[in-house]
Student: 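Pasting a structure here, questions to come.
Here is the naming used below: chain letters follow the sequence lines, and residue numbers restart at 1 for every chain. Being a predicted model, the structure only gives us computed values, none of them experimental. Every heavy atom of this structure was used, including side-chain atoms; hydrogens, water molecules and symmetry mates were not.
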Number of protein chains: 2
Amino acid sequence: MTSASGLWARTRQRAYAEITAVAMELFLADGFEQTTIDEIAAAAGISRRSFFRYFGTKEDVVLGHLIAEGQALRAALERRPDGEDVWTALRAAIFSLEEADGDEERMLAVSRMLYRTPSLRARSIEKHLRWYDDLVPEVQRRLGGGGDDLLRARAIVGCAITCLDVAGEAWTDGAASRPLAHYFDAALDAVRPAAAG
Amino acid sequence: MTSASGLWARTRQRAYAEITAVAMELFLADGFEQTTIDEIAAAAGISRRSFFRYFGTKEDVVLGHLIAEGQALRAALERRPDGEDVWTALRAAIFSLEEADGDEERMLAVSRMLYRTPSLRARSIEKHLRWYDDLVPEVQRRLGGGGDDLLRARAIVGCAITCLDVAGEAWTDGAASRPLAHYFDAALDAVRPAAAG
DNA sequence: GACTGACTGGCACTGAGTGCCATACCGGCA
DNA sequence: TGCCGGTATGGCACTCAGTGCCAGTCAGTC
């Protein structure tokens with residue numbers, strides 16, 4: 001926590017951002033699987049070995065933010081009022097995070113890559129599984145009581161994430177013609193027709 | 001379709017079964033990640049190169065059956081009466097396939113390995129994604145009409161699979177103390193409390 | 001000027017997965 | 001009996017992801 005470590009942290013942060021930017025350019029230009037780590041390292045002006053000091057896997061360059069998002073999601077969920085319906089709270093938490101990054105065209109390109117590259121898709125879902133650990137405790141708390149709370153909480157979190165995933169795919173297929181929330185609500189309505197959003 | 005090709009098919013089938021059996025023994029004894037393909041090949045009496053002619057990846061040894069199961073699931077779903085509720089039909093289709101393999105202890109061990117090995121878990125979910133292609137058309141047909149049928153069908157199939165997955169985890173955690181269907185129904189009830197089973 | 005701590009590069013290694021080629025087996029056919 | 005085409009096989013070399021190890025560099029510190 002000295003000024004030195006703060007400097008290092010900022011430097012490291014900048015390095016992360018720079019490597020990510022360079023790598024994403026290559027991914028979008030040549031395809032994810034076609035781009036090797038040697039190419040990324042060369043383009044970023046670092047050694048192959050150093051790349052792996054910043055990212056555990058090639059997929060992490062694209063999906064690294066998902067870990068942090070899971071924690072942010074948990075925090076957002078915990079901020080929702082106690083009496084609120086679980087589904088309403090989950091929906092509100094999810095869309096409190098939605099970043100309007102401006103460059104929609106780029107987000108679409110990234111999203112297409114994500115849905116069409118098997119290894120990325122798999123890792124993405126694997127990261128989503130970690131969200132369970134973040135969200136289930138709070139959902140379980142809100143369910144309050146009952147022997148099979150854990151199972152019920154997992155099912156609810158799982159289906160919410162699944163709806164988000166399905167919505168993301170529809171958003172990508174539909175070229176972002178409607179906001180993600182629209183697709184999410186439609187997906188949730190298909191699963192829970194009685195409860196309106 | 002000559003007798004020769006039939007013979008080959010049977011031989012191949014036997015080879016598949018034998019390699020799978022040998023590999024599973026090694027996986028359960030030493031762990032999935034610890035077991036190399038060289039070891040499997042040596043134990044099965046084939047070359048490393050031949051292993052890859054039977055299985056595309058190491059994960060496929062454990063998860064290969066999931067592809068066939070998706071198609072069987074589709075067939076089972078199509079056999080359900082037309083007027084039946086989609087969720088009821090899906091549930092019935094899923095549990096018409098449940099094989100009581102007898103050796104529950106072994107199934108538990110395999111299941112534990114599956115849930116605890118990241119690469120296996122990821123691939124397993126990836127295979128489950130293929131089930132979408134198998135099941136969504138029939139679910140969509142049953143929904144009959146409406147502009148966002150595809151999205152709705154995907155959401156329903158996705159949540160059904162998610163509930164199955166959550167149920168599988170609970171079954172594994174609970175050491176198979178109750179049938180899988182019990183956990184599945186509980187999971188589905190958490191998501192759709194109004195509609196009973 | 002030695003010391004510590006964090007980052008870096010280079011090298012060698014394992015292990016998954018692929019492409020290529022030569023070979024062996026088996027049934028059919030002249 | 002000998003040739004032929006299809007299929008399975010083994011071996012080799014290769015790419016690429018990811019890891020471990022060691023040596024060097026560049027702060028800031030006493």
Student: Using atom types as modelled, flag every donor-acceptor pair under 3.5 Å from a side chain in residues 126-134 of chain B to any protein atom, sequence neighbours excluded.
Tutor:
{"residue": "Lys127(B)", "atom": "NZ", "partner": "Asp60(B)", "partner atom": "OD1", "Å": "3.0"}
{"residue": "Trp131(B)", "atom": "NE1", "partner": "Leu66(B)", "partner atom": "O", "Å": "2.9"}

Student: Scan Val110(B), Leu120(B), Asp165(B) and name whichever one has a side chain to side chain contact (heavy atoms under 4.5 Å, CB included) with Tyr115(B).
Tutor: Asp165(B)
Student: Identify, with sequence neighbours excluded, every residue that meets side-chain contact (heavy atoms from CB on, under 4.5 Å) alongside Ile19(A).
Tutor: Ile40(A), Ala44(A), Ile46(A), Phe51(A), Tyr54(A), Phe55(A)
Student: What one-letter contact string describes nucleotides 15-22 of chain C from 5' to 3', where B marks a base within less than 4.0 Å of any protein heavy atom, S marks contact via sugar-phosphate atoms alone, and - marks no contact?
Tutor: SBBBBB--
Student: Do Asp185(A) and Arg91(A) sit within salt-bridge range, that is, some charged N less than 4.0 Å from a carboxylate O?
Tutor: yes
Student: Charged N to carboxylate O below 4.0 Å: is that the case for Arg141(A) and Asp82(A)?
Tutor: yes
Student: Separation of Arg14(B) atom CZ from dA8(D) atom C1', in whole Å?
Tutor: 15 Å
Student: Does dC7(C) have its OP1 or OP2 closer than 4.0 Å to a side-chain nitrogen or oxygen of Tyr54(A)?
Tutor: no
